[in-house]
Q: 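The following block contains the structure, expressed as structure tokens.
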Amino acid sequence: MERVNIKVSGSVQGVLYRSDTASIAQKLGLVGWVKNMPDGSVEIVAEGDNEELGKLIQWCWQGPSFAKVEDVKLKWQKAKGEFRDFDITY
């Protein structure tokens with residue numbers, strides 16, 4: 001199990017980025033959360049299998065159809081095992 005903190009910037013709020021991220025992460029069997037940040041970015045913390053995390057990261061570069069992703073920054077960490085599900089937080 002790995003953990004990655006993902007910060008997605010661009011036009012990513014108000015375009016279903018959080019809900020689509022949660023749906024993708026759940027389908028990949030990942031746990032964690034996604035939320036909008038005050039600076040207009042979306043932050044994601046996800047834990048799971050390295051291969052599935054890679055698929056989520058790849059999806060983050062595209063996002064939902066109305067998103068315009070400019071950058072995706074990653075911080076890898078050791079998994080903490082603190083999540084049971086993948087949630088949208090506010």
Side-chain angles (χ1 to χ4, degrees):
M1 288 255 303
E2 297 286 332
R3 178 183 182 123
V4 65
N5 182 295
I6 307 168
K7 183 173 183 176
V8 184
S9 58
S11 296
V12 292
Q13 290 189 11
V15 293
L16 301 175
Y17 204 99
R18 288 178 302 162
S19 64
D20 284 5
T21 298
S23 177
I24 295 290
Q26 290 165 356
K27 287 177 185 173
L28 292 172
L30 302 174
V31 295
W33 51 260
V34 57
K35 69 178 176 179
N36 284 342
M37 301 303 290
D39 66 359
S41 66
V42 170
E43 184 174 1
I44 303 160
V45 173
E47 291 188 354
D49 180 73
N50 198 9
E51 185 176 337
E52 305 319 300
L53 290 170
K55 291 176 185 176
L56 176 65
I57 293 164
Q58 186 176 19
W59 179 87
C60 285
W61 278 102
Q62 176 186 343
S65 59
F66 292 109
K68 293 182 182 164
V69 177
E70 294 175 7
D71 195 21
V72 176
K73 294 190 185 308
L74 308 175
K75 290 183 185 175
W76 290 93
Q77 304 167 330
K78 291 183 181 179
K80 298 180 182 179
E82 63 188 287
F83 308 117
R84 293 185 51 156
D85 298 309
F86 196 96
D87 299 309
I88 298 172
T89 61
Y90 300 93

Q: Got a list of side-chain donor-acceptor pairs under 3.5 Å for residues 57-73, not counting sequence neighbours?
A:
from : atom 1 : to  : atom 2 : distance (Å)
D71  : OD2    : K73 : NZ     : 2.9

Q: Can you give me every donor-acceptor pair (side chain of residues 23-42, partner residue at least two apart or in another chain, under 3.5 Å) with its distance?
A:
from : atom 1 : to  : atom 2 : distance (Å)
Q26  : NE2    : F86 : O      : 2.9
D39  : OD1    : S41 : N      : 3.0
D39  : OD1    : S41 : OG     : 2.6
D39  : OD2    : K7  : NZ     : 2.9

Q: Are M1 and F83 connected, step by step, through hydrophobic side chains (Ile, Leu, Val, Met, Phe, Trp, Tyr) whose heavy atoms are closer than 4.5 Å?
A: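 M1 does not cluster with F83.
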Q: Check for me, please, whether V12 and Y90 land in the same ILVMFWY cluster - side-chain distances under 4.5 Å, paths through other members count.
A: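 As far as the 4.5 Å side-chain criterion goes, Y90 and V12 are connected within one cluster.
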Q: Check residues 43-50 and write down every donor-acceptor pair under 3.5 Å in which the side-chain atom is one partner and the other belongs to a residue at least two apart or another chain.
A:
from : atom 1 : to  : atom 2 : distance (Å)
E43  : OE2    : N5  : ND2    : 2.9
E47  : OE1    : G81 : N      : 3.0
E47  : OE2    : R3  : NH1    : 2.8
E47  : OE2    : K80 : N      : 2.8
D49  : OD2    : E51 : N      : 3.0

Q: Which distance, rounded to the nearest 0.5 Å, do you find between the CG of L56 and the OG1 of T21?
A: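 Atom-to-atom, L56:CG and T21:OG1 are 6.5 Å apart.
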